[in-house]
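Input: a single structure, listed below in structure tokens.
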Amino acid sequence: MDEYIVKNVKDFRLDHVFDCGQCFRWEKQADGSYTGTAMDRVVNMQFVCGDRASEPETTGDLIIKNCTEEDFLQIWKPYLDLDRDYGEIKRTLTADDLVMGEAVACGQGIRILKQDLWETIVSFIISQNNNIPRIKGCIENLSQMFGLPAGEYAGRTYYSLPGPQKLASLTAEDLAPVRLGYRTRYLLETAKMVCEKGLPEDEVQLSALCGVGPKVANCILLFSMAKYDSFPIDVWMARVMSQLYGIDEGDHKGMCTYAQEHFGQLGGFAQQYLFYYIREKNR
DNA sequence: TCGCAGGTGGTCG
DNA sequence: CGACCACCTGCG
């Protein structure tokens, strides 16, 4: 099997990357590695920390199994955002912000994935007013029932999400076993819209989709459209912004303004560190 | 049993 | 335009 090794990756940790709320399709294995699918590929990733005691556990070699060099360069390198200097981002964010220092220390290995646009739209429409195990279940059901096989790993077949055409061809009845609840209608409407008008290219087109409000739109912008100043605010972000910065939990607008003024272009990265921090604290 | 979970659309005033 | 509130579903 093809295997690709990336040496000396910095500011990286798989559990931080895959457990900071941006993706739902990576599964932790017994050996600590993660298997998952994205961009119609199935791979297994393992991160081996450097053995020198001085090295932090966020520096090491990334082993990607079921991956050619070409796939790494074309798909996984951009997907994992490996060309960006997260050390620099963390230094900037924590320079004059003590509480952010605490948050960053907690999620040192976070990276913002560059995910497929359609998959991100579907995932975050499903995510609304929902809990993570159920979100994962819905996405899994949808893929297995209506998606195409993306590949195999360790004897198991993985399926990719059905595309907009496939989804638009289905009825609410077809989708009932997926257990999407009232989000079924959102997904069908959105699939039809994308078939007619194409994938959204900016925030306005994104917000025109059914089931896409400000929070979901910001997630899509941040996780698949490279708009790194996006600052999605959900219940957890409202909590952490209230706890750390004293902004009223109901004042989402005030939080947006605060993020713009204090985090600027790095708002999305700040959001990830804060989100991971508050989730860890409540684990 | 009932509240709640990574919000949004619809409906009021 | 801002403040409510119903909403599928499954779990504790």
Side-chain angles (χ1 to χ4, degrees), chain A residues 15-26 103 106-107 110 112-113 115 119-142 144-145 167 170-194 200 203-225 227 230-244 247-257 259 267-283:
Chain A
D15 51 347
H16 292 175
V17 173
F18 292 135
D19 206 17
C20 64
Q22 57 183 330
C23 57
F24 304 99
R25 301 208 66 187
W26 291 90
C106 173
I110 286 173
I112 294 184
L113 299 173
Q115 301 180 72
E119 175 166 331
T120 310
I121 291 171
V122 171
S123 300
F124 282 90
I125 286 178
I126 293 173
S127 80
Q128 65 184 70
N129 193 27
N130 212 340
N131 56 56
I132 292 173
R134 215 168 78 81
I135 297 166
K136 289 183 171 174
C138 288
I139 294 173
E140 207 48 48
N141 291 341
L142 198 54
Q144 284 188 17
M145 295 186 65
L167 199 53
L170 303 171
T171 64
E173 219 168 42
D174 295 329
L175 287 169
V178 180
R179 314 305 285 163
L180 294 163
Y182 61 84
R183 302 164 198 82
T184 299
R185 197 190 107 238
Y186 296 169
L187 236 42
L188 286 175
E189 300 263 325
T190 289
K192 282 172 194 157
M193 180 88 111
V194 168
E203 187 165 3
V204 175
Q205 294 176 8
L206 204 48
S207 303
L209 299 175
C210 188
V212 178
K215 191 269 176 181
V216 170
N218 274 302
C219 284
I220 298 167
L221 286 164
L222 182 57
F223 302 138
S224 73
M225 295 174 86
K227 209 165 169 310
S230 304
F231 196 77
I233 299 169
D234 58 21
V235 290
W236 291 99
M237 281 306 291
R239 275 170 211 165
V240 76
M241 289 301 281
S242 158
Q243 281 178 31
L244 298 188
I247 304 173
D248 187 276
E249 261 195 62
D251 186 11
H252 288 201
K253 204 173 168 187
M255 293 175 189
C256 280
T257 309
F269 302 99
Q271 194 269 359
Q272 287 296 278
Y273 293 120
L274 292 169
F275 182 85
Y276 189 81
Y277 172 72
I278 191 73
R279 290 310 300 258
E280 274 305 299
K281 254 177 68 168
N282 285 271
R283 195 176 292 273

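These numbers were taken from a predicted model, which means no experiment stands behind them. Each chain gets a letter, A, B and so on, in the order the sequences are listed, and its residues count up from 1.
- For C:dC8, the OP1/OP2 oxygens have no side-chain nitrogen or oxygen of A:Arg183 closer than 4.0 Å.
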Please list each protein N or O that sits under 3.5 Å from an N or O in nucleotides 3-5 of chain C, with the distance.
none

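- Distances shown here put a side-chain N or O of A:Arg279 below 4.0 Å from the OP1 or OP2 atom of B:dG6.
- Across all strands, A:Phe124 comes closer than 4.0 Å to no nucleic acid atom at all (heavy-atom distances).
- One atom, CG of A:Asn141, and another, P of C:dG10, lie 10 Å apart when rounded to the nearest Å.
- Heavy atoms of A:Arg134 sit under 4.0 angstrom from at least one base atom.
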Query - Contact state string [nucleotides 8-13 of chain B, B base, S sugar-phosphate only, - no protein heavy atom under 4.0 Å] - result: SS----
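- In this structure, the CD1 atom of A:Ile220 is 13 Å from the C1' atom of B:dG6, given to the nearest Å.
- Helical stems in DNA chain B, defined as runs of 3 or more consecutive Watson-Crick or G-U wobble pairs with donor-acceptor distances under 3.5 Å: B:2-5 with C:9-12, B:7-13 with C:1-7.
- Contact annotation: A:Arg179 side-chain N/O to C:dG10 OP1/OP2 distance is under 4.0 Å.
- For the P atom pair drawn from C:dC7 and B:dC2, the interatomic distance equals 15 Å after rounding to whole Å.
- As rounded to whole Å, 8 Å separates atom P of B:dG7 from atom CD1 of A:Ile135.
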